[in-house]
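Input: a single structure, listed below in structure tokens.
Order of the sequence lines sets the chain letters (A, B, ...), proteins ahead of strands, with each chain counted from 1.
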There are 2 protein chains.
Amino acid sequence: MGVTKTQVFTDRQNRIADLAKALAHPARVAIIQHLLKVNSCVCGDLVEVLPLAQATVSQHLKELKQIGIIHGEINPPRVCYCINETVWQEAKAIFGDLFETSVAAACCN
Amino acid sequence: MGVTKTQVFTDRQNRIADLAKALAHPARVAIIQHLLKVNSCVCGDLVEVLPLAQATVSQHLKELKQIGIIHGEINPPRVCYCINETVWQEAKAIFGDLFETSVAAACCN
DNA sequence: AGTATCTATCGTATTATTGCAATGAATAAA
DNA sequence: TTTATTCATTGCAATAATACGATAGATACT
């Protein structure tokens with residue numbers, strides 16, 4: 001049909017997929033890396049750092065905000081973005097958990 | 001334009017995005033989880049485990065294979081899939097590195 | 001040869017994503 | 001009030017992704 005059948009998977013699988021989706025585009029990776037790097041929250045500086053138009057950056061920020069991994073505080077006329085510590089820890093835990101599983105070197109090697 | 005401008009980002013950012021894309025769909029998460037769980041390689045059993053049509057599963061497997069995170073060995077008429085240990089460790093390292101960065105509780109909190 | 005099994009691929013339909021120009025909304029400064 | 005600044009949203013176009021039926025290819029079995 002062309003749409004992800006989210007309802008047939010577990011909540012956890014969908015959550016992993018959503019969190020991974022936050023990192024599944026180089027622009028969003030760059031945004032997150034930058035927010036991690038600068039101590040203070042960056043605002044529209046992101047537009048200057050990224051080689052993308054302002055509208056495009058805004059859209060990526062919207063997605064990240066929706067997933068919950070960042071959060072923006074309005075401070076007119078600027079908006080201050082930063083990593084959401086809680087969700088960041090959630091992502092860290094969820095991926096850490098997944099990658100903790102060592103591969104059983106069973107076959108096809 | 002509607003296409004990701006990969007060339008304006010670093011190789012590492014693109015690699016992170018690609019590896020994240022492997023996990024950015026619940027079906028692929030389920031596939032990876034299953035391959036991690038069963039010691040021996042699973043083949044078309046995945047089709048029975050997943051609530052998706054055979055063609056769809058095959059397509060997800062193709063993507064995972066392309067990213068490199070799994071690898072399939074033909075053993076006619078079956079194909080034996082398993083996690084690519086090397087790439088799995090690469091992903092573990094790359095995400096571990098990213099999440100190692102602690103969030104500077106600087107602002108907007 | 002004919003049949004059955006397993007997997008990949010093709011074709012197609014539908015939805016999602018990416019990107020940007022243009023516009024709008026909100027506030028600060030003049 | 002007018003202007004400038006900052007960011008979000010809208011509208012549009014193009015490409016990517018998701019899903020599946022149907023078909024093709026490869027091998028094993030009878």
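If you take CD1 of I74(B) and C1' of dT7(C), they are 9 Å apart, rounded to a whole angstrom. As a whole-Å value, the separation of L50(A) CG from dT18(C) C1' is 14 Å. The CG-C1' distance, from N75(B) to dA26(D), rounds to 13 Å in whole Å. Regarding Q66(A), its CD atom lies at a distance of 15 Å from the C1' atom of dT18(C), rounded to whole Å. The separation between H60(B) atom NE2 and dA17(D) atom P is 11 Å, rounded to whole Å.
A search for side chain to side chain donor-acceptor pair (under 3.5 Å) contacts involving Q33(B) returns Q13(A), not counting sequence neighbours. In this view, D97(B) and R12(B) satisfy the salt bridge (Lys or Arg N to Asp or Glu O under 4.0 Å) rule, not counting sequence neighbours. By the salt bridge (Lys or Arg N to Asp or Glu O under 4.0 Å) test, R15(A) is found to be paired with E90(A), residues two or more places apart in sequence or in another chain being considered. Qualifying ring-ring contact (aromatic ring centres under 6.0 Å, His included) partners for F9(A), counting only residues two or more places apart in sequence or in other chains: none.
In terms of heavy-atom proximity, P26(A) sits nearest to T4(B) at CG-CG2, 4.0 Å.
Contacts of residues 12-27 of chain B with DNA chain C (heavy atom under 4.0 Å): none.
Nucleic acid contact class of L52(B) (heavy atoms, under 4.0 Å, all strands): sugar-phosphate only.
In this structure, F99(B) and W88(A) have tilted ring planes: the angle between them lies in the 30° to 60° band.
With no hydrogens or angles considered, no side-chain donor-acceptor pair links E63(A) and Q59(A) at under 3.5 Å.
Between atom OG1 of residue T56(B) and atom CG of residue L50(B) there is a gap of 10.0 Å, rounded to the nearest 0.5 Å.
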Please list, for nucleotides 2-12 of chain D, all pairs of protein and nucleotide N/O atoms separated by less than 3.5 Å.
{"residue": "dT6(D)", "atom": "OP1", "partner": "R78(A)", "partner atom": "NH2", "Å": "3.4"}
{"residue": "dC7(D)", "atom": "OP1", "partner": "G44(A)", "partner atom": "N", "Å": "2.9"}
{"residue": "dC7(D)", "atom": "OP1", "partner": "V79(A)", "partner atom": "N", "Å": "3.4"}
{"residue": "dC7(D)", "atom": "OP2", "partner": "G44(A)", "partner atom": "N", "Å": "3.4"}
{"residue": "dA8(D)", "atom": "OP1", "partner": "Y81(A)", "partner atom": "OH", "Å": "2.2"}
{"residue": "dA8(D)", "atom": "OP2", "partner": "S58(A)", "partner atom": "OG", "Å": "2.9"}
{"residue": "dA8(D)", "atom": "N7", "partner": "Q54(A)", "partner atom": "NE2", "Å": "2.8"}
{"residue": "dA8(D)", "atom": "N6", "partner": "Q54(A)", "partner atom": "OE1", "Å": "3.0"}

